[in-house]
Amino acid sequence: MNFSDELVNWYTQNKRDLPWRHTTDAYIIWLSEIILQQTRVEQGLPYFYRFAETYPAVTDFAAAEENEILKLWQGLGYYSRGRNMLKTARMVQDLYGGKFPTRYADLIKLKGIGEYTAAAIASFSSNEAKAVVDGNVYRVLARYLGIFEPINSTAGKKLFQLKANDFLNKKNSALHNQAVMEFGAMVCKPKNPACGICPVRLDCYAFKHNATTSLPVKLKTVKVRQRYFNYFLYTDGEHILMNKRDESDIWANMYDLPMIETDGIAPVNKLITHPEAVNYFGEALEISTISEVKKHILTHQQLYIRFITIAKQPVSLKPNWFFIKVENLQTLPLSKVIFIFLDNFLN
DNA sequence: ATCCAGTAAC
DNA sequence: GTTACTGGAT
């Protein structure tokens, strides 16, 4: 048996029973693939069920409002995935009459669908002969073939795509692609790979050279930016003053609280006299409580966040500030930090 | 602290 | 071509 046959054989006997593996409906496969980008199955599964039930067809998805989508997406991270899904659902509605495309060439034009996802949907839904290259495939190929080219270099990406194309079983790309990825996730794992049960270990470079821990090679990433967010909470008991974030920063279009960003951890007296604070909350800003500065880590940013509850109503409001009824808070899409803070504050 | 089922924006 | 996006597990 060749590499592909071995892995397909392993897959048919050992695959996990996942809901999107029972369908060739491109819409359902798209839903699962976007949710699973950069996300583990266990974490994505409840979101998949929620979306599939709320929007049984792409037509239903296309009719949704962005806030609804972001709300359902809340807690999953990489929120642009949710916003891009809505754009894509509407494109499918307009361009393809609500029938989700199954060909790579059509899929790659849609928002949020890159090379990996286009190949995945095309092969799973219509068996088109496109090889997927995701983190699992990088790892399996790097180890099996002994490729030391970094997977996040331009040369590396080209090389791995080439090798993946070579190995692809073009007669049954759906089975082949799923087999390689599932094998990567379950056996050829990042840490502690289960080489003992691997059907191709005798031909595997990394197994033969005891090199699984050093493959794949990945270039080290960049430094993180430090940011300091001072959040202001004002409530009249019934409403909370919320801010809708703009398009250009983290948590785009989601809600948080009125905030002043400073260059460092600002002393409280500095904060009170900060021009923005004076502008919005007046000269005599009355602070009720002030929280510790807590660190919140994102990929390229470390956020130092502090919450300040204020006693007096602001004297002027930014255009994207809204008084939200406490009972309507649960309809707003919130980032993890904000959700946790408000949850604690209100309960 | 580091790693992970990618894509879009710059 | 390079960099920015999340949250959770380890």
Side-chain angles (χ1 to χ4, degrees), chain A residues 15-16 18 20-21 29-48 70 73-85 87-88 107-121 123-124 132-140 142 150-158 160-161 164 177-193 213-227 245 247-254 256 295-303 305 333-340:
Chain A
K15 68 178 171 188
R16 289 168 289 181
L18 298 170
W20 48 85
R21 289 186 172 156
I29 293 165
W30 167 72
L31 222 48
S32 70
E33 286 301 332
I34 303 295
I35 289 171
L36 293 179
Q37 282 171 8
Q38 309 292 90
T39 305
R40 286 180 188 74
V41 167
E42 314 83 71
Q43 199 201 351
L45 204 51
Y47 288 83
F48 171 80
L70 288 174
W73 200 271
Q74 181 175 297
L76 199 53
Y78 285 109
Y79 297 96
S80 61
R81 289 183 292 173
R83 290 183 290 120
N84 284 334
M85 279 183 110
K87 291 181 190 158
T88 281
L107 291 161
I108 195 75
K109 294 178 189 154
L110 299 170
K111 272 282 177 192
I113 298 183
E115 285 180 59
Y116 161 75
T117 308
I121 301 174
S123 64
F124 301 169
V132 296
V133 182
D134 73 342
N136 293 303
V137 178
Y138 280 126
R139 192 168 56 252
V140 171
I151 61 171
N152 53 347
S153 70
T154 308
K157 282 179 185 156
K158 273 174 115 168
F160 280 93
Q161 183 69 59
N177 280 336
Q178 295 190 75
V180 182
M181 290 195 288
E182 183 78 342
F183 174 76
M186 306 296 289
V187 178
C188 198
K189 297 175 290 185
K191 284 172 190 160
N192 306 318
T213 51
S214 43
L215 287 170
V217 175
K218 202 172 184 176
L219 259 21
K220 278 296 167 214
T221 47
V222 291
K223 55 170 173 18
V224 298
R225 179 160 67 121
Q226 320 270 319
R227 298 176 76 181
R245 297 181 58 81
E247 193 80 53
S248 58
D249 201 354
I250 55 167
W251 309 324
N253 293 2
M254 299 175 75
D256 59 2
K295 191 170 164 184
H296 184 75
I297 300 173
L298 308 179
T299 310
H300 294 97
Q301 299 188 25
Q302 295 182 347
L303 309 179
I305 296 183
L334 310 171
S335 71
K336 205 77 175 174
V337 233
I338 300 298
F339 177 80
I340 289 170

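Since the model is a prediction, treat every value here as computed from it, not as a measurement. First the proteins, then the strands, lettered A, B, ... as listed; each starts at 1.
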Counting the atoms with a prime plus P, OP1 and OP2 as sugar-phosphate, which does [X] contact under 4.0 Å by heavy atoms, base, sugar-phosphate, or nothing?
X: Ile151(A); result: nothing
X: Leu76(A); result: base
X: Val41(A); result: base
X: Ala185(A); result: base
X: Arg139(A); result: sugar-phosphate
X: Gly184(A); result: nothing
X: Glu33(A); result: nothing

Please determine if a side-chain N or O atom of [X] lies less than 4.0 Å away from the OP1 or OP2 oxygen of [N].
X: Ser80(A); N: dT7(B); answer: no
X: Gln43(A); N: dA9(C); answer: no
X: Lys218(A); N: dC4(B); answer: yes
X: Arg40(A); N: dG7(C); answer: no
X: Lys336(A); N: dG8(C); answer: yes
X: Lys111(A); N: dA9(B); answer: yes

Are side-chain heavy atoms of [X] and [Y] found at a separation under 4.5 Å?
X: Trp20(A); Y: Leu45(A); result: yes
X: Val41(A); Y: Arg16(A); result: yes
X: Ile338(A); Y: Met254(A); result: no
X: Thr39(A); Y: Leu76(A); result: yes
X: Lys87(A); Y: Asn84(A); result: yes
X: Trp73(A); Y: Ile34(A); result: yes
X: Arg245(A); Y: Asn253(A); result: no

Could you tell me whether Arg21(A) and Glu182(A) make a salt bridge, using a distance below 4.0 angstrom between a side-chain N and a carboxylate O?
->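 The answer is yes: the pair qualifies as a salt bridge.
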Rounded distance (Å) that lies between atom [atom2] of [N] and atom [atom1] of [X]:
X: Arg227(A); N: dA4(C); atom1: CZ; atom2: C1'; answer: 11 Å
X: Tyr47(A); N: dG8(C); atom1: OH; atom2: C1'; answer: 11 Å
X: Ile250(A); N: dA9(B); atom1: CD1; atom2: P; answer: 18 Å
X: Gln74(A); N: dG7(C); atom1: CD; atom2: P; answer: 10 Å
X: Lys157(A); N: dT3(C); atom1: NZ; atom2: P; answer: 12 Å
X: Trp251(A); N: dG7(C); atom1: CH2; atom2: P; answer: 7 Å
X: Asn253(A); N: dA8(B); atom1: CG; atom2: C1'; answer: 15 Å
X: Asn152(A); N: dC4(B); atom1: CG; atom2: C1'; answer: 13 Å

5' precedence on DNA chain B between Leu110(A) and Glu182(A) (nearest-nucleotide basis) |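 Residue closer to the 5' terminus by nearest nucleotide: Glu182(A).
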Specify the residue among Ile113(A) and Asn136(A) whose closest nucleotide of DNA chain B lies further upstream toward the 5′ end.
->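 It is Asn136(A) whose nearest nucleotide is closer to the 5' end.
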Is the base of dA5(B) touched by the side chain of Arg16(A) through a donor-acceptor pair closer than 3.5 angstrom?
->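 Side chain to base: pair found, below 3.5 Å.
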From the options [options], select the nucleotide whose nearest atom is closest to the side chain of [X].
X: Gln37(A); options: dG7(C), dT7(B), dA5(B); value: dT7(B)
X: Lys295(A); options: dG7(C), dA5(B), dA1(B); value: dA1(B)
X: His296(A); options: dG1(C), dG7(C), dC4(B); value: dG7(C)

Anti versus syn assignment for dA4(C), with syn defined as within 90° of 0 =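 Anti, since the glycosidic angle lies more than 90° from 0.
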Does Lys191(A) or Tyr78(A) map to a spot on DNA chain C nearer the 5' end, using the closest nucleotide for each?
->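 So the residue in question is Tyr78(A).
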Name the stems that DNA chain B belongs to, where each is three or more consecutive Watson-Crick or G-U pairs with both distances under 3.5 Å?
->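 DNA chain B forms these stems: B:1-4 with C:7-10, B:6-10 with C:1-5.
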Okay, side chain of Arg81(A), backbone of Gln37(A): is any donor-acceptor separation there less than 3.5 Å?
->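 Yes.
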